[in-house]
Amino acid sequence: MDTSVHASLGVGMIGLGFMGRTHVAAYESARRAGYPCRLVAVCDRQAERRAGQVAVAGNIATLDTPRAKPASPGDARREAARGVSRATGAARLFDPSQVCVYADAADLLADPAVQLVSICTPTDTHVDLTIAALRAGKHVLVEKPLALGSADAHRVVEAAAAAQTLCMPAMCMRFWPGWPWLKAAIDAQTYGRVESAVFTRLGSPPAWSAFYQDVQRCGGGMVDMHIHDTDFIRWCFGDPQSVASTGTEQHITTIYRYPSGPPHVVAEGGWIDGLKFRMRYRVAFERAVAEFEFGREHPLMLTHGNLSEPVRLEPLSAYDLEIRYFVEAIAGGDRDFRATVADAEAVARLLEAERESLLTGVPITL
């Protein structure tokens, strides 16, 4: 990317839990690759996180940049908000001597050095924080799900439409290596029409936060896991005519019916205690079968007749790719990007239909 004509975006991170740490590492990776972004502020209620005392496995740099003297009274005020640690040469999530730290999100949103905000807080805080950030004139990347229900998601749609800045939900499967490849193959009918598409996403409930024990706040396995495949199916095939679901909100299987589309579209997702994470798809075209299996040496295999061969995938992670994509969208002023808040609202409506089918035991027409 040519960054010569673009000023670097000051990035503010709200929430330094698992996904917040992932975003921080991805922004740093993008910066090192030449993308115009730089972490300038973080916000978290936990003091040790604000001090940068969290490592990100597989993607952390040793930071030893010396602290510069403040150039102005404004810079001096920003220095007062910085972390107290001046340790150098230690592996940290970020360098507290170079990043402002806040315990209150409102203070970060008031920081003029922040132009882009990543919101990686508990699900039930996403809507209000996103609206506040847009009203503060910030670009916003908000983790999924945007909201627990379509009515709240619509509030963000309205706020984003009124804003001069951009807002994108972090719907990571639209960027996951091997998944955009599938979308492109479906759209182009490279191997003919789709005859069957089956998606599986299962794992143990997240153990890193007590938040996930409260289904009313997090939405359970249906919203934490299954939402990814619901979104991806809708991205590939559009809104179904109807859905039929079985199971529970923690572990659900849904059949998506498309009268003029694929005759067999199914997704199983959710939480099962003690189960190792698994993410799969098997899509049968007229002339080939594509199979993705997370964790194996060649995740995506394509079979033609008796010949199976691996598909070469992008080496970057979905989180790296979505953040680089959003930074580029901001630099180009592009509002028609891959994942929109309107998409997130539509997915919330689709999940509501699945939940209704789950509770009533009958298919629900959309």
Side-chain angles (χ1 to χ4, degrees), residues 144 170-203 225-247 251-270 275-322 324-325 336-340 343 346-347 350 354 363 366:
K144 70 83 193 169
M171 299 161 107
C172 65
M173 298 318 300
R174 298 187 181 212
F175 298 88
W176 201 286
W179 296 67
W181 175 93
L182 177 61
K183 161 71 169 168
I186 291 170
D187 288 350
Q189 294 193 8
T190 308
Y191 309 103
R193 294 185 301 275
V194 173
E195 296 180 336
S196 173
V198 179
F199 299 83
T200 303
R201 187 179 308 269
L202 297 167
M225 296 277 275
H226 178 66
I227 188 173
H228 286 296
D229 295 318
T230 298
D231 171 61
F232 191 80
I233 287 169
R234 182 181 173 275
W235 189 40
C236 290
F237 306 119
D239 284 310
Q241 183 184 68
S242 68
V243 293
S245 300
T246 188
H251 180 192
I252 185 172
T253 296
T254 298
I255 298 173
Y256 305 82
R257 300 198 181 279
Y258 292 90
S260 59
H264 182 243
V265 181
V266 180
E268 177 191 10
L275 186 68
K276 183 179 179 180
F277 177 70
R278 58 192 61 183
M279 178 171 75
R280 304 169 177 160
Y281 67 66
R282 184 187 69 250
V283 177
F285 297 90
E286 290 176 294
R287 299 188 299 275
V289 177
E291 295 180 277
F292 183 99
E293 177 81 39
F294 176 80
R296 68 185 177 190
E297 181 181 1
H298 299 294
L300 178 55
M301 299 294 295
L302 185 66
T303 301
H304 305 258
N306 295 324
L307 176 65
S308 291
E309 56 186 356
V311 176
R312 185 176 181 275
L313 300 180
E314 166 68 55
L316 293 172
S317 77
Y319 309 108
D320 288 312
L321 293 168
E322 74 179 356
R324 295 179 188 202
Y325 176 92
D336 185 23
F337 35 77
R338 192 179 301 182
T340 68
D343 289 325
V347 170
L350 189 48
E354 293 185 50
L366 279 78

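Below, each value reflects all heavy atoms present in this structure, side chains not excepted, and no hydrogens, waters or symmetry copies.
Atom CD of residue Gln189 and atom CZ of residue Arg287 lie 8.5 Å apart, to the nearest 0.5 angstrom. Annotation: the span from Ile186 atom CD1 to Phe237 atom CZ amounts to 4.0 Å, rounded to 0.5 Å. Once rounded to the nearest 0.5 Å, the distance linking CZ of Phe294 with CZ of Arg278 reads 12.0 Å. Here the OG1-CG distance, from Thr190 to Leu182, works out to 10.0 Å after rounding to the nearest 0.5 Å.
With sequence neighbours left out, the side chain to side chain contact (heavy atoms under 4.5 Å, CB included) criterion links Asp231 to Met171, Arg174, Val347. Considering only residues two or more places apart in sequence or on other chains, Trp235 meets the ring-ring contact (aromatic ring centres under 6.0 Å, His included) condition with Phe232. Qualifying side chain to side chain contact (heavy atoms under 4.5 Å, CB included) partners for His264, counting only residues two or more places apart in sequence or in other chains: Ser196, Val198, Val266. With sequence neighbours left out, the side-chain hydrogen bond (donor to acceptor under 3.5 Å, both in side chains) criterion links Arg257 to no other residue. Take Thr200 and apply the side-chain hydrogen bond (donor to acceptor under 3.5 Å, both in side chains) test, not counting sequence neighbours, and it matches no residue. Not counting sequence neighbours, Asp336 has no partner by the salt bridge (charged side-chain N to carboxylate O under 4.0 Å, His left out) test. The salt bridge (charged side-chain N to carboxylate O under 4.0 Å, His left out) test applied to Arg193 returns Glu286, not counting sequence neighbours. Considering only residues two or more places apart in sequence or on other chains, Glu291 meets the salt bridge (charged side-chain N to carboxylate O under 4.0 Å, His left out) condition with none of them. Not a single side-chain hydrogen bond (donor to acceptor under 3.5 Å, both in side chains) links Glu297 to another residue, sequence neighbours left out. Contacts of Glu354 classified as side-chain hydrogen bond (donor to acceptor under 3.5 Å, both in side chains), with partners at least two apart in sequence or in another chain: His226, Thr230, Thr254, Tyr256. Qualifying salt bridge (charged side-chain N to carboxylate O under 4.0 Å, His left out) partners for Arg338, counting only residues two or more places apart in sequence or in other chains: none.
Counting only heavy atoms from C-beta outward, the side chains of Leu302 and Tyr191 approach each other to under 4.5 Å. Between Arg201 and Met173, the closest side-chain pair of non-hydrogen atoms falls below 4.5 Å. Between Gln241 and Leu366, the closest side-chain pair of non-hydrogen atoms is not below 4.5 Å. Taking the side chain as every heavy atom from C-beta outward, Tyr319 and Trp176 approach each other to under 4.5 Å. With contacts defined as side-chain heavy-atom distances shorter than 4.5 Å, the pair Val194/Tyr258 does not qualify. Between Val265 and Cys236 there is no side-chain heavy-atom pair separated by less than 4.5 Å. Using a 4.5 Å heavy-atom cutoff, the side chains of Arg234 and Asp343 are in contact. In this structure, the side chains of Phe292 and Val283 stay at 4.5 Å or more apart for every pair of heavy atoms.
Contact record, Phe199 with Ala197: CE1-CB, 3.8 Å, taken as the closest heavy-atom pair. Considering every non-hydrogen atom in both Trp181 and Ala290, the closest pair reads CZ3-CB, 3.8 Å. Considering every non-hydrogen atom in both Ala318 and Cys172, the closest pair reads CB-O, 3.6 Å. Among all heavy-atom pairs drawn from Asp229 and Ala267, the shortest one is CB-CB, 4.1 Å.
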Give the intermediate values and the outcome of side-chain hydrogen bond (donor to acceptor under 3.5 Å, both in side chains) for residues Glu268 and His251.
-> CA-CA 7 Å; Glu268 177 191 10; His251 180 192; 2.7 Å; yes
Would you tabulate the side-chain donor-acceptor contacts of residues 304-316 under 3.5 Å, counting partners in other chains and residues two or more places apart, or write 'none'?
from, atom 1, to, atom 2, distance (Å)
Ser308, OG, Thr303, OG1, 2.7
Glu314, OE2, Leu316, N, 3.4

